[in-house]
Amino acid sequence: MINKLHYISQQTHERSHLDNIRAACDAGCQLIQLRIKNETHENVLPVATAAKALCDQYNVSLIINDYPHIAVAVDAAGVHVGLQDMTVAAARAIVGPDKIVGGTANTLADVLTHVRNGASYVGLGPFRFTTTKQNLSPILGIEGYQAIMAALHEQQINTPVVAIGGIAATDIPAIIQTGIHGIAVSGLITQATGQRSLVQHIYDLLNKQ
């Protein structure tokens with residue numbers, strides 16, 4: 001079962017990816033995605049190794065963004081590929097049948113392609129404008145999610161869809177109403193002062209559907 005809350009790591013001026021991952025694990029997040037963009041395999045591998053050891057301490061699942069070979073090397077729970085990266089099928093061929101493979105989508109066509117290629121879940125967004133991502137795809141909003149989820153329901157497609165992109169805690173009830181499985185957030189948790197209570201609140205909202 002794919003966790004309903006994905007924390008996507010980021011590096012801030014004050015804290016590294018590993019600092020923020022530790023804080024998210026400490027706050028109660030159960031699935032972490034290590035997202036390091038535009039770096040060499042050699043530079044990402046040691047961070048991924050340390051992130052896996054950290055997540056293991058907390059019994060938390062680790063997903064590696066963009067680097068399927070690293071996901072295999074550190075025995076992460078899986079990999080996530082972006083729209084401009086390799087296909088879900090190509091990532092699946094590298095990590096094997098038992099790992100989680102997620103893919104980013106912005107349209108119904110993107111979602112259907114990922115489902116055909118054997119995605120474990122699809123990250124659909126952005127919900128609203130976010131500074132975390134460069135080259136942002138068109139904003140979906142609630143209406144976009146409603147339309148795509150209705151089409152998936154009609155086609156009896158049950159692959160979990162995770163909303164992503166500028167989501168605030170107050171958005172969660174409306175997002176979940178569309179049939180979305182869960183959410184992926186970064187800054188919402190990274191920048192929170194009371195991280196533990198926020199994560200608990202998010203899980204409470206996600207489990208109310």
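All residue numbers in this chain count up from 1 along the given sequence.
- Summarising the local packing, NE2 of H153 is surrounded by 12 or fewer heavy atoms from other residues, nucleotides or ligands at distances under 6.0 Å.
- Closest of all the heavy-atom pairs between G103 and V88 is CA-CG2, 4.0 Å.
- Each of D66, T104, N65 was compared with H80 under the side-chain hydrogen bond (donor to acceptor under 3.5 Å, both in side chains) criterion, and only T104 meets it.
- In this structure, CD1 on I202 lies 9.5 Å from CD1 on I167, to the nearest 0.5 angstrom.
- Side chain of R92 to main chain of G118: a donor-acceptor pair is present (N/O by atom type, distance under 3.5 Å, no hydrogens or angles).
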Check the pair I32 / S61 against side chain to side chain contact (heavy atoms under 4.5 Å, CB included), numbers first and verdict last. CA-CA 6 Å; I32 305 288; S61 299; over 6 Å; no
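- Across every non-hydrogen atom of S120 and P160, the tightest pair is O-CD, 3.3 Å.
- Shortest non-hydrogen contact noted between Y7 and A24 is CD2-CB, 3.5 Å.
- Of all heavy-atom pairs spanning I175 and A163, the tightest one is CG2-CB, 3.8 Å.
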Run the side chain to side chain contact (heavy atoms under 4.5 Å, CB included) check on Y203 and L5 step by step: do they pass? CA-CA 7 Å; Y203 271 121; L5 174 60; 3.8 Å; yes
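- Of the N and O atoms on the side chains of D110 and T113, not one donor lies less than 3.5 Å from an acceptor on the other residue.
- Both I180 and I157 belong to a single network of hydrophobic side chains, linked directly or stepwise wherever heavy atoms of I, L, V, M, F, W or Y lie under 4.5 Å apart.
- By the criterion of side-chain heavy atoms lying less than 4.5 angstrom apart, applied directly or through intervening Ile, Leu, Val, Met, Phe, Trp or Tyr residues, I21 is grouped together with L188 in one hydrophobic cluster.
- The shortest side-chain heavy-atom distance between L34 and H17 falls under the 4.5 Å cut-off.
- Using a 4.5 Å cut-off on side-chain heavy atoms (C-beta onward), T107 and V111 make no contact.
- In this pair, Y67 and H41 present their aromatic rings perpendicular. The plane angle is above 60°, beyond the 30 to 60° band.
- Under the 4.5 Å side-chain heavy-atom criterion for grouping Ile, Leu, Val, Met, Phe, Trp and Tyr, I2 is not connected to V81 through any hydrophobic cluster.
- Going from atom CZ of R15 over to atom CG of N20 covers 4.5 Å, rounded to the nearest 0.5 Å.
- Closest of all the heavy-atom pairs between V199 and G28 is CG1-C, 3.8 Å.
- Applying the 6.0 Å contact sphere to CD of Q57 captures more than 12 heavy atoms from other residues, nucleotides or ligands.
- Contact of the M86 side chain with the P68 side chain is registered, since non-hydrogen atoms from C-beta on lie closer than 4.5 Å.
- The cluster map of Ile, Leu, Val, Met, Phe, Trp and Tyr, joined by side-chain heavy atoms under 4.5 Å apart, puts L18 and I64 in the same cluster.
- A donor-acceptor pair under 3.5 Å links the side-chain atoms of D85 to the main chain of G82, judged by distance alone.
- Taking NZ of K4 as the reference point, atom CE of M1 lies at 6.0 Å (rounded to 0.5 Å).
- A distance of 4.5 Å separates CG in L108 from CG in L112, rounded to the nearest 0.5 Å.
- Here the CG-NE2 distance, from L31 to H6, works out to 5.0 Å after rounding to the nearest 0.5 Å.
- In this structure, the side chains of Y121 and V161 stay at 4.5 Å or more apart for every pair of heavy atoms.
- If you run side-chain hydrogen bond (donor to acceptor under 3.5 Å, both in side chains) between D204 and each of H201, K208, Q200, only Q200 comes through.
- Salt bridge status for D75 with K99: present, with a side-chain N to carboxylate O gap under 4.0 Å.
- Residues P138 and N106 form a side-chain contact, since some pair of their non-hydrogen atoms from C-beta on lies under 4.5 Å apart.
- Between the OH atom of Y145 and the CD1 atom of I176 there is a distance of 10.5 Å, given to the nearest 0.5 Å.
- You'll find the side chain of Y58 reaches within 4.5 Å of the side chain of D26, heavy atoms only.
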Side chain to side chain contact (heavy atoms under 4.5 Å, CB included) between L45 and V74, worked out: CA-CA 8 Å; L45 182 58; V74 304; 4.0 Å; yes
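- No donor-acceptor pair closer than 3.5 Å links the side chain of R35 to the backbone N or O of S9.
- The main-chain N or O of A168 is found under 3.5 Å from a side-chain atom of D171 such that the two form a donor-acceptor pair.
- Among all heavy-atom pairs drawn from G179 and M149, the shortest one is O-CE, 3.2 Å.
- Contact of the I183 side chain with the L206 side chain is registered, since non-hydrogen atoms from C-beta on lie closer than 4.5 Å.
- The closest donor-acceptor contact from the side chain of Q10 to the backbone of G187 lies under 3.5 Å.
- Here the side chains of V95 and I100 are not in contact, with every heavy-atom distance at 4.5 Å or above.
- Under the 3.5 Å distance criterion, the side-chain polar atoms of Q195 are matched with a main-chain donor or acceptor of I189.
- In terms of hydrophobic clustering, with Ile, Leu, Val, Met, Phe, Trp and Tyr side chains grouped at heavy-atom distances under 4.5 Å, L54 and I63 are assigned to different clusters.
- For the side-chain contact (heavy atoms from CB on, under 4.5 Å) test with I164, the passing option among V185, I8, L124 is I8; the others fail.
- Using modelled atom types, one finds no donor on one side chain facing an acceptor on the other under 3.5 Å when comparing S16 with R22.
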